[in-house]
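One structure below.
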Amino acid sequence: QVQLVESGGGLVQPGGSLRLSCAASGSIFSINVMGWYRQAPGKERELVATITSGSTTTYADSVKGRFTISRDNVKNTVYLQMNSLKPEDPAVYYCNADIRPFTWQSYGMNYWGKGTLVTVSS
């Protein structure tokens, strides 16, 4: 079984910072792309950032310059450093990963974490 577990969410003031973590565990041979998505009440889930196994990154325009995605391949963990948090940032943040679980399987499968809540309030 493969699981993704997010942590680090909480309540911060506008302009504050928060770092999210997502650890993958279980049957893992390799991890390709990992990413973060978010969903606010009444809105569609949207892409925040992605990072490849070679550390190539992409960001949504709304978070460029404020958020930074990174990963630790030894720990099978992806991080999202969030700085200068704004009123539009509160949401449930979800971890996503494309994982190849077995050596005999030539393709990866997509997995989702259960999410961690980020709240921005003064």
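Counting from 1, the numbers follow the sequence of the chain as shown. These figures come from a predicted structure and were not determined experimentally.
Between Asn73 and Arg71 the shortest heavy-atom distance is OD1-NE, 2.8 Å. Taking both residues in full, the closest heavy atoms of Pro90 and Thr119 are given as CB-CA, 4.3 Å, listed atom of the first, atom of the second, then distance. Taking every heavy atom of both residues into account, Thr77 and Ser21 meet most closely at CG2-CB, 4.5 Å. Of all heavy-atom pairs spanning Ala40 and Ala91, the tightest one is N-CB, 3.8 Å.
Hydrophobic clustering (ILVMFWY, side-chain heavy atoms < 4.5 Å, transitive): Tyr93 and Tyr59 are in one cluster. Both Val92 and Trp112 sit in one connected hydrophobic cluster of ILVMFWY residues. Membership requires side-chain heavy atoms under 4.5 Å apart, directly or through other members. Follow the hydrophobic side-chain contacts under 4.5 Å out from Val12 and you reach Met82 in the same cluster. Under a hydrophobic-cluster definition in which Ile, Leu, Val, Met, Phe, Trp and Tyr are linked whenever side-chain heavy atoms come within less than 4.5 Å, directly or via other members, Ile51 and Tyr37 are assigned to different clusters. No chain of hydrophobic side-chain contacts below 4.5 Å, direct or via other Ile, Leu, Val, Met, Phe, Trp or Tyr residues, connects Val33 to Tyr107.
Salt-bridge annotation for Lys64 and Asp61: present, with a side-chain N of the basic residue lying under 4.0 Å from a carboxylate O of the acidic one.
Rounded to the nearest 0.5 Å, atoms CG (Leu4) and OG (Ser25) are 8.0 Å apart. Rounding to the nearest 0.5 Å places SG of Cys22 at 14.0 Å from NZ of Lys75. Taking OG from Ser121 and CG from Leu11, the interatomic distance works out to 5.5 Å, rounded to the nearest 0.5 Å. The CE atom of Met34 sits 12.5 Å away from atom OH of Tyr111, with the distance rounded to the nearest 0.5 Å. The distance from atom OG of Ser30 to atom CD1 of Ile99, rounded to the nearest 0.5 Å, is 9.0 Å.
Annotation: cation-pi pair Arg19/Tyr79 present, NZ/CZ under 6.0 Å from the ring centroid and within 45° of its normal. Figure legend: cation-pi geometry between Arg38 and Tyr94 absent, as NZ or CZ is not positioned both under 6.0 Å from the six-membered ring centre and within 45° of its axis.
Checking side-chain atoms of Arg100 against main-chain N and O of Phe29 turns up no donor-acceptor pair under 3.5 Å. The backbone N or O of Glu6 sits nowhere less than 3.5 Å from a side-chain atom of Thr116 that would complete a donor-acceptor pair.
Side chains of Asn83 and Ser17: a donor on one and an acceptor on the other come within 3.5 Å. Donor-acceptor pairing under 3.5 Å is recorded for the side chains of Thr58 and Thr50.
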> Hey, mind stepping through Trp36 and Phe67 against ring pair (Phe, Tyr, Trp, His ring centres under 6.0 Å) and telling me if it holds?
Replying inline: CA-CA 11 Å; Trp36 289 95; Phe67 291 9; over 10 Å; no

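Surrounding CD of Glu46 are more than 12 heavy atoms belonging to other residues, nucleotides or ligands, all under 6.0 Å away. When the shell of 6.0 Å around CD of Glu44 is examined, it contains 12 or fewer heavy atoms from other residues, nucleotides or ligands.
With Leu80 as the fixed residue, the side chain to side chain contact (heavy atoms under 4.5 Å, CB included) test singles out one of Val118, Val63, Val48, Thr68: Val48. Checking each of Asn32, Asn96, Asp98 against Asn110 for a side chain to side chain donor-acceptor pair (under 3.5 Å) leaves exactly one that passes, namely Asn96.
Counting heavy atoms from C-beta on, the side chains of Met109 and Pro101 come closer than 4.5 Å.
Legend: residues meeting ring pair (Phe, Tyr, Trp, His ring centres under 6.0 Å) with Phe102, ordered by chain and number and at least two apart, are Trp104.
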